[in-house]
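Treat the numbers as computed from the prediction; the structure is a model and nothing was measured.
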Amino acid sequence: MQKQKLLINGERLQKELERFADFGRTENNGVTRLSLSEEDRRVRDYFRTCCEELGMTVKVDDMGCMYATLEGTENKPPILIGSHLDSVKKGGRFDGVLGVVTGLEVVRTLVENNIKPRIPITIVNFTNEEGARFEPSMMASGVLSGKFDKSVMLKKKDADGITFEEALKSIGYEGEVSNRLKDATAFLELHIEQGPILEKESLTIGVVECVVGMACYEIEVTGESDHAGTTPMDMRKDALFATNNLINEIRSRLGSLDPDLVFTIGRVNVYPSIHTVIPNKVVFTLEARHKDMEIVGTVKDFIQGLVNFKDNEGCEIKTTKLWDRDTVWFAPEICSQLEQSANSFGYSNKRMVSGAGHDAQFIANYVPTAMLFVPSINGKSHCEEELTSWEDCEKGVNVILDTVLALLSK
């Protein structure tokens, strides 16, 4: 007879997610909880109280990251569960917070069933994942993994000129360097998909194999300004017309390169932006994302070659790389365990990639890491309409719990 599987309390999970949403809830049932704001301070205080009521020890590092630990019977690196509690302006109730509340529900389930873990369980809240108040995003996990310089990050300012360091001190969450995450047996991050794939394919669980690589460029097209009414069409060097030709070429070439390649022209500035003047300059961004770095390399070569684009209306074209990143692959053994756990419950699932960045991609540099997605209704995220069904949230946490139990049994 098969042993009955341990399940989390779905009703409690729902109530807790709604309780966390109260810290910064908007009129349209979204959340505004910018990093190191008063709303962030209050949700941190509440999170700390929840953890201490479970007998957990809470520590804070020098970047404000919180670590709540349920001690294990063996002195081994902990199993880490978590995400972030900050949001974008008028964001949703699930992004980030689901991963943190997952840790709470897993520990609550263990405690109420008198299960003393062999390996410590730590719930983590990473500071400033969104980068909505202080750029860049994933700031704290970037410092922890050595991707960002702490001294530079502390000086980052918000729109009001307040530095990250000042804000961190003002909310009382500047901890010690010695409390930083140094090692872990595994890191598990449950997150909403923030895209439409799982819902479109009627699937419940996405086992995330990687965060895809990307490249972002700024393209500058320079022509000449002349009077819009007196300059013949065949004598113009119109930077906007040239940009239109470029964009058509980009869509044609990149659109046929690979079906999994996504690319976006996200910012376009036209100068001098006067209706009676022919534009003399256009600056726009082009970013592309794919898991295969060879394809990303092909995209880079194509973008850099645009300087020789023939249909340029007599304009000059310049390309500047703003940033790029390599694909980050997650720990295969943990991905396999997540998949096995999902299958053991009979939850429909698939292997997939993440096009968005997450703290997990930085932590994966020194901790065996994996991510799990649950569906986003209509693919909505970073908006008040963001929604994942309570049932899918519950199923996702069940998979994390089962994976934790499997890791504890090894």
Q: Have Thr69 and Thr122 got a donor and an acceptor in their side chains that come within less than 3.5 Å?
A: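 The criterion, which ignores hydrogens and geometry beyond distance, is satisfied for Thr122 and Thr69.
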
Q: Under 3.5 Å, side-chain donor or acceptor atoms of residues 306-315 against the rest of the protein: list the pairs with distances, not counting sequence neighbours.
A:
from: Asn312; atom 1: OD1; to: Gly314; atom 2: N; distance (Å): 3.0
from: Asn312; atom 1: ND2; to: Cys315; atom 2: O; distance (Å): 3.1
from: Glu313; atom 1: OE2; to: Asn245; atom 2: ND2; distance (Å): 3.0

Q: Quick one: which of Met153, Lys155, Met139 gives a side chain to side chain contact (heavy atoms under 4.5 Å, CB included) with Phe164?
A: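 Going through the options one by one, the only one that passes is Met139.
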
Q: Do the non-hydrogen side-chain atoms of Met63 and Leu168 ever get within less than 4.5 Å of each other?
A: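 No, their side chains stay 4.5 Å or more apart.
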
Q: Heavy-atom count check: over 12 atoms from other residues, nucleotides or ligands less than 6.0 Å from Lys116 NZ?
A: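 More than 12 heavy atoms, drawn from other residues, nucleotides or ligands, come within 6.0 Å of this atom.
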
Q: Can Asp95 and Gln194 be counted as having a side-chain donor-acceptor contact under 3.5 angstrom?
A: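 On atom types as modelled, these side chains qualify, holding a pair under 3.5 Å.
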
Q: Looking at every non-hydrogen atom in both residues, tell me the closest pair between Ile205 and Ala342 and how far apart they are.
A: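 Residues Ile205 and Ala342, closest heavy atoms: CG2-CB, 4.3 Å.
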
Q: Under the 6.0 Å and 45° cation-pi test, does Lys5 pair with Phe345?
A: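 Yes, a cation-pi geometry holds between Lys5 and Phe345.
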
Q: Taking the six-membered ring of Tyr173 as reference, does the cationic atom of Arg44 (NZ for Lys, CZ for Arg) lie under 6.0 Å from its centre and within 45° of its axis?
A: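 Pair Arg44/Tyr173 counts as cation-pi.
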
Q: Does NZ or CZ of Lys281 fall inside the cone over Tyr271's six-membered ring, less than 6.0 Å from its centre and within 45° of the axis?
A: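 Here Lys281 passes the 6.0 Å and 45° test against Tyr271.
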
Q: Checking salt bridge (charged side-chain N to carboxylate O under 4.0 Å, His left out) against Lys350, which of Glu201, Glu209, Glu339 comes through?
A: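 Of all the options given, the one that passes is Glu201.
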
Q: Just checking, Arg19 and Tyr46: is the charged tip under 6.0 Å from the six-membered ring centre and within 45° of the axis?
A: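 Yes, Arg19 sits over the ring of Tyr46.
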
Q: Once you measure the plane-to-plane angle for Phe362 and Phe148, does it fall in the parallel (<30°), tilted (30-60°) or perpendicular (>60°) bin?
A: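 Aromatic pair Phe362/Phe148 classed perpendicular.
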
Q: Begin from the C-alpha positions of Phe94 and Trp390 and carry the test ring pair (Phe, Tyr, Trp, His ring centres under 6.0 Å) through to its verdict.
A: CA-CA 10 Å; Phe94 300 88; Trp390 301 120; 5.5 Å; yes

Q: Taking atom CD of Glu218 as the centre, does the number of heavy atoms from other residues, nucleotides or ligands within less than 6.0 Å exceed 12?
A: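 Yes, CD of Glu218 has more than 12 neighbouring heavy atoms, counting only those of other groups under 6.0 Å.
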
Q: Which value, rounded to the nearest 0.5 Å, describes the distance between Gln337 atom CD and Asp402 atom CG?
A: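 Output value for this atom pair is 7.0 Å.
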
